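No experiment lies behind these values; they were computed from the predicted model shown. Convention: sequence-line order gives letters A, B, ...; per-chain numbering from 1.
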Amino acid sequence: MTVQTPNGFILDTSGKRVVVDPVTRIEGHMRCEVNINDQNIITNAVSSGTMWRGLEVILKGRDPRDAWAFVQRICGVCTGTHALTSVRAVEDALNISIPENANSIRNMMQLTLQVHDHLVHFYHLHALDWVNPVNALKADPKATSELQQSVSPSNPRSSPGYFRDVQNRLKKFVDSGQLGPFKNGYWTNPAYKLPPEADLMAVTHYLEALDFQKDIMKIRTIFGGKDPHPNWIVGGVPCAINVDGVGAVGAVNMERLNYVSSIIDASIEFVNQVYIPDLVAVGSFYKDWLYGGGLSGKNVLSYGDIPDNANDYSAKNLMMPRGAIINGNLKEVMEVDLRDPEQVQEFVPHSWYSYPGDQKGLHPWDGVTDPTFVLGPNTVGTRTDIRQLDESGKYSWIKAPRWKGNAMEVGPLARYIVGYAQGNAEITEQVNGLLGTLNVPVDALFSTLGRTAARALECQWAAGKLRYFMDKLMTNLKNGDSSTANTTNWDPSTWPKEAKGVGFTEAPRGALAHWIKIKDMKIENYQCVVPTTWNGSPRDDAGNIGAFEAALMNTKVEVPDEPVEILRTLHSFDPCLACSTHVMSEDGRELTKVRVR
Amino acid sequence: MLESFYDVMRRQGISRRSFLKFCSLTAASLGLGPSFNATIAHAMENKPRIPVLWLHGLECTCCSESFIRSAHPLVKDVILSMLSLDYDDTIMASAGHQAEAIVTEIVEKNKGNYILAVEGNPPLNEDGMFCIIGGKPFVDQLKYAASNAKAIISWGSCASWGCVQAARPNPTRATPVHQVITDKPIIKVPGCPPIAEVMTAVVTYILTFERFPELDRQGRPKMFYSQRIHDKCYRRPHFDAGQYVESWDDEGARKGYCLYKMGCKGPTTYNACSTVRWNNGTSFPIQSGHGCIGCSEEGFWDKGGFYDRLTNINAFGIEANADKIGLTAAAVVGGAAAIHAGVTAVKRARESGDKQS
Amino acid sequence: MARKASVDSAALALAAAHGQEQEAVYIYEAPVRLWHWVNALAILVLAVSGYFIGSPFPTLSGEASSHYLMGYIRFAHFAAGYVLAIGFLFRIYWALAGNHHAHQIFVPPVHSASWWDGVIHEAKWYLFLAREPRKYVGHNPLATLTMHFVFIWVIVFMIFTGFALYGEGEGMDSWQYRLFSSWIIPLFGQSQDVHTWHHLGMWAIVCFSLVHIYAAVREDIVSRQSIISSMISGWRMFKDHRPPDDGH
């Protein structure tokens, strides 16, 4: 039986059902089920968020100035991005402006996250979908050295001896029989296409990146005190700056600023010498594997981020592009208004929630989240032992957000497509450069690999922008402005009786916004619509499938029992399930019981 | 051929002589006699890597993120050479039933000889289905994985106390590990997240000495959780002097005065932030101008605002700080006494009037 | 004897002032009186210093090395805390070693129906429902009840929580930590809670003190026996000749 979805996918559930649960190398918990026909092509895809924490009800009645700390704990991987979104939402509601220095420091913290998150994602969450560490044992270290020097001539860590040492260590590890994280991997699967030398180079950089990533986050530790989960404040940043006065050692001073600057340099170098060349090398061996486009060639959404000047969140002041594209019409980038009740709406017909009456889509300011754990009639298994989900019923802890009724893809690729369509000079140059190097057409962007490539390009872009905001901060300090916080409206007695606001960022995984309502100095309602809610959304009332599901469609699987291709495409979104599944009803009333119909 | 600690150290250019010296220093620093030198050296030279199952319940993965930031030892060395991280959904290559098979294999084939590390906690409401692994409640996986474990490490405040999802009203009934698993030794390493180097130090201690470090009454290792942030804070002299940051970015903030009045929870928080510091000693919250929010303490989410010095009491349906409650009570009592005195005086005057008349 | 004579003469003077003859009984021995006033002073210091630990004075400028304001306040608090605690221990000793009045507030006769009847009567007297209070050599039953539950147990609570907090600063190896902090802190959940409840305990004592002082002054004026002067002289003086109601 086949069904065509309004967003153009033909679903066929007749083939073999393959269940992947847990989906690993993601943040949080997720399940994926697909149907595969006799040519091993995926004909139906079902993605399910399998965790739920209820943070929004926990926020109710709390001090809005504390909200950032709670929502920051939505996710420890994209740590801080929810906190930044939260302080922006509170500042929007209470009409608080922040100093220029605070804007520069916040941008640096957010950009640091982009650099770190993308790098860690590529090497430690995604690489094993493309790279076979066991195959690396067969590599010739000398040939690996040559490969390294050809893809990244400026990288000093490229001698044959260097690669031999890594290979020996890897050999010892594999010979021990204790494969640790590589255990039960799919190392004989023909989907792995790299020659041993490229595998060895990538594994070497897996380890190098593991060493290096910890240094990137020191920027956030200097400004935010710790990482993961640095500190923020409503009205600015908590770290006072005292470059040369009495007691400067007690604040951000010249030594601290130099420390940040040196890490920025090292980050730019690592991304340029290691990450980008690896992307090109891996990409060149997989450039024919162009599955996984999904919604990327149709509907993409970006809220934009990184305000150049403080307190201006209009599209022209945002260095990350803002806009929406629907039906693949790159010629028209549409305006996004998060306050418009008709634009962003959430639907729940296939989510474990229900709306009162016959309401369909709800704008987050009026959001209702009433958990209703009901499994569909054709579910296989029991309520606490689900063997197979029934996607005709409710099947996920993730809601289905829609923009003007459309399922959208968000993330680095969405941002790059919007930026490319807008003619953003930096993005166009980067994209055209990469397409030229790999000798592929623009359409190649709309793929799993396109997503992975956009992430790498964005990492490079973000590292460059770190330098920009460091310079901007220094210039401002030079001009005598060392202010970091605006405390005029810190005291709740200065607040209006009721207020509502929205804050947004571009998290590493995509568009993120928080909607807050404040009443009597306390949080009355708090709703987050997060990137993985967009990407991982289940079907909606009209039957549109979400971005994960769309991307898996029509992919050829080499070995049906080994989910290499499924993981590859899901990972290209960098799923973050703790983020997407934390909503809760306003009244927090008792949850309905599980029913298997 | 297994790579042991000794191999790692040799590979990093450390001679055998230095290695033995390291072992004796380790023994001495831990208060062990010279006779332990050989034990430690032998252990580090020959120990096969112990399997570790690292499970994730309701959490945000900040503990894993922190763990990979460890500078000494590098997490690469921990994973490749110190332990065998056979299951960790965040980094493992396999997925689905191939991943689940690993749990079964380790539990069945390594009885009493593997470590269970838990990040996050199980929700118990809705039959545990607020966290589903392989179609089943996470709490089932946790109980199964714990069944044959040698010991359990509760990473972070989620596993140790419950943390943010257990904050009032705890809609999913997220429950800390020690309340679900009661028959295994559990070490708590609280913090949101714990400091990277503290996490790896706990792991290396357990591997080296084949026992837990000394724990306090609540199950935390004394070596990192026996003192408050405040006790070792470099801003402590400003506290004693009576010099505080009064508002953000004021003169005191720019001079690094004490954050006590900004609600710093350093005086009530047991952790090593002010000594070990974060990200290879780069900084810690107070050094970067924000008070401690007490993230390694039980129930730190529910103690009132993070910026209040006097935090709230939540009892008997009242939520207010001690001064508000106290002042109200004192005012009521004082007022009652004044009224009572007035009535007494009137009554006495009337009585004496009665007598006279 | 000279002292006794002066007390007697004071009593006579009082009696003369009231135009009636008074009886006097020696109830508060010197250690109890001394303890009472030292304890009162300690509580005053503890409450004031404790309040300023919770809500410190405005910031002092300059270098940390030239000031020690919070340090002194905390020192005063800890010193007064020790005085209170040691005094309390001594008072417990004296409850055993002293005269039978000395242990009255420690062991209220809660099993005695007549005592409860006294409590009710005294409560009625305070609610202006009884025409006349009863006459007591020791504390009246309502006072005993209040002393026992609002004073003794709150002081015990404050000593225990106070030492638990103090033990944190002294460190895990200290006797204060082992004896108090090690079990009290987990009992409350965490240190912050102990601080909060200790702080609330201060307010309970403030409330007690208000009632205590008011009642003492009032009793002195309107009851059938002396109160405040007794805690200075040790002698309870009576304003009428009828037999006391507490069996003396």
Side-chain angles (χ1 to χ4, degrees), chain B residues 161 216-218 222 226-228 230-231 235-246 250-252 255 257-258 260-261 265 267-270 294 297-300 303-304 309-313 315 321-323 325-330 332-334 336-338 340-341 343-344 347-348 351, chain C residues 51-74 126-128 131 165 168-169 171-173 177 181-183 185-186 188-204 206-211 213-215 217-218 221-222:
Chain B
W161 312 125
D216 73 359
R217 198 180 260 260
Q218 285 151 290
K222 284 185 178 173
S226 59
Q227 284 165 320
R228 297 168 300 178
H230 190 57
D231 297 324
R235 296 193 182 191
R236 179 65 190 261
H238 293 296
F239 169 80
D240 289 328
Q243 297 176 312
Y244 310 101
V245 176
E246 303 271 358
D250 68 357
E251 195 196 341
K255 286 182 174 173
Y257 283 179
C258 173
Y260 187 73
K261 282 189 176 179
K265 303 295 180 289
T268 54
T269 303
Y270 287 82
E297 289 295 317
E298 182 167 8
F300 72 100
K303 306 298 170 204
R309 171 74 256 139
L310 301 171
T311 51
N312 286 355
I313 288 169
N321 76 33
D323 271 358
I325 296 172
L327 267 172
T328 309
V332 168
V333 168
H340 199 265
V343 175
T344 306
K347 207 167 155 51
R348 256 175 86 80
E351 274 170 10
Chain C
Y51 180 81
F52 285 111
I53 291 171
S55 306
F57 289 110
T59 281
L60 298 169
S61 59
E63 290 304 320
S65 49
S66 63
H67 303 290
Y68 199 61
L69 180 60
M70 184 58 124
Y72 291 129
I73 292 173
R74 293 175 74 244
Y126 270 90
L127 291 170
F128 308 107
R131 206 184 56 78
L165 296 172
E168 292 193 286
M172 282 197 179
D173 296 328
Y177 191 93
S181 324
S182 65
W183 62 275
I185 306 254
F188 279 81
Q190 55 142 298
S191 172
Q192 186 75 25
D193 296 299
V194 185
H195 276 86
T196 307
W197 285 100
H198 188 72
H199 200 96
L200 197 64
M202 182 266 282
W203 286 108
V206 167
C207 291
F208 169 81
S209 303
L210 287 172
V211 172
I213 293 166
Y214 168 69
V217 170
R218 184 178 183 277
I221 298 167
V222 301

K.L.:
For side-chain hydrogen bond (donor to acceptor under 3.5 Å, both in side chains), just list the numbers for C:S191 and B:R228, CA-CA rounded to whole Å, side-chain angles, deciding distance to a tenth of an Å, and then say yes or no.
P.N.:
CA-CA 10 Å; C:S191 172; B:R228 297 168 300 178; 5.3 Å; no

K.L.:
Between C:G189, C:S55, C:S65, C:G62, who has the most heavy-atom pairs with chain B when the cutoff is under 4.5 Å?
P.N.:
C:G62

K.L.:
Is the shortest side-chain heavy-atom distance between C:W203 and B:T328 below 4.5 Å?
P.N.:
no

K.L.:
Look up atom OG1 in B:T268 and atom CD1 in C:I185, then write down how far apart they are to the nearest 0.5 Å.
P.N.:
9.0 Å

K.L.:
Is it the backbone or the side chain of B:K222 that comes under 4.5 Å from a heavy atom of chain C, or both, or neither?
P.N.:
side chain

K.L.:
Could you measure the distance from the OH atom of B:Y270 to the CE atom of C:M172? Nearest 0.5 Å is fine.
P.N.:
5.5 Å

K.L.:
So which part of B:D323 gets closer than 4.5 Å to some heavy atom of chain C, the side chain, the backbone, both or neither?
P.N.:
both

K.L.:
Return the minimal non-hydrogen interatomic distance between C:A64 and B:A241, and the atom names on each side.
P.N.:
O-CB, 3.5 Å

K.L.:
Does B:E298 offer a backbone N or O that forms a donor-acceptor pair with the side chain of C:Q190 under 3.5 Å?
P.N.:
yes

K.L.:
Counting distance only, does the side-chain N/O of C:H67 pair as donor-acceptor with the main-chain N or O of B:G242 below 3.5 Å?
P.N.:
no

K.L.:
Among C:D193, C:V211, C:V206, who wins on heavy-atom pairs under 4.5 Å with chain B?
P.N.:
C:D193

K.L.:
Rounded to the nearest 0.5 Å, what separation is found between the CG atom of B:L310 and the OG1 atom of C:T196?
P.N.:
7.5 Å

K.L.:
Are any side-chain N or O atoms of B:Y257 and backbone N or O atoms of C:S61, one a donor and one an acceptor, separated by less than 3.5 Å?
P.N.:
no

K.L.:
Please step through side chain to side chain contact (heavy atoms under 4.5 Å, CB included) for the pair C:I221 and B:R348, ending with a clear verdict.
P.N.:
CA-CA 10 Å; C:I221 298 167; B:R348 256 175 86 80; 3.9 Å; yes

K.L.:
Give the member of B:T344, B:D231, B:V245 that has the highest number of heavy-atom pairs under 4.5 Å with chain C.
P.N.:
B:T344

K.L.:
For the residue pair C:Q192 and B:F300, establish whether any side-chain heavy-atom pair is separated by less than 4.5 Å.
P.N.:
no

K.L.:
Look up atom CE in C:M70 and atom NE2 in B:H238, then write down how far apart they are to the nearest 0.5 Å.
P.N.:
14.5 Å

K.L.:
Taking C:L69, C:L127, C:I73, C:L60 one by one, which has the highest count of heavy-atom pairs under 4.5 Å against chain B?
P.N.:
C:L60

K.L.:
For the pair B:K261 (side chain) and C:F57 (backbone), establish whether a donor and an acceptor sit closer than 3.5 Å, ignoring hydrogens and angles.
P.N.:
yes

K.L.:
Can you tell me how far apart NE2 (C:H199) and CZ (B:R309) are? Round to the nearest 0.5 Å.
P.N.:
10.5 Å

K.L.:
Where does B:Q218 contact chain C at under 4.5 Å (heavy atoms): side chain, backbone, both or neither?
P.N.:
side chain

K.L.:
Heavy-atom distance under 4.5 Å to chain C: side chain of B:R236, backbone, both or neither?
P.N.:
side chain

K.L.:
At a heavy-atom distance under 4.5 Å, which candidate from B:V333, B:V332, B:D240 has the highest pair count against chain C?
P.N.:
B:D240

K.L.:
To the nearest 0.5 angstrom, please state how far the NZ atom of B:K347 sits from the CZ atom of C:F128.
P.N.:
7.0 Å

K.L.:
Please look at C:I213 and chain B and tell me whether the side chain, the backbone, both or neither of the residue comes under 4.5 angstrom of a heavy atom of that chain.
P.N.:
neither

K.L.:
For chain B, find which of C:G54, C:S209, C:A204 contributes the most heavy-atom pairs closer than 4.5 angstrom.
P.N.:
C:G54

K.L.:
Counting only N and O atoms by type, is there a donor-acceptor contact under 3.5 Å from the side chain of B:E246 to the main-chain atoms of C:T59?
P.N.:
yes

K.L.:
Is the C:Y214 ring parallel, tilted or perpendicular to the B:H340 ring (thresholds 30°, 60°)?
P.N.:
perpendicular

K.L.:
Tell me, side chain or backbone of C:Y177 under 4.5 Å from chain B's heavy atoms, or both, or neither?
P.N.:
side chain

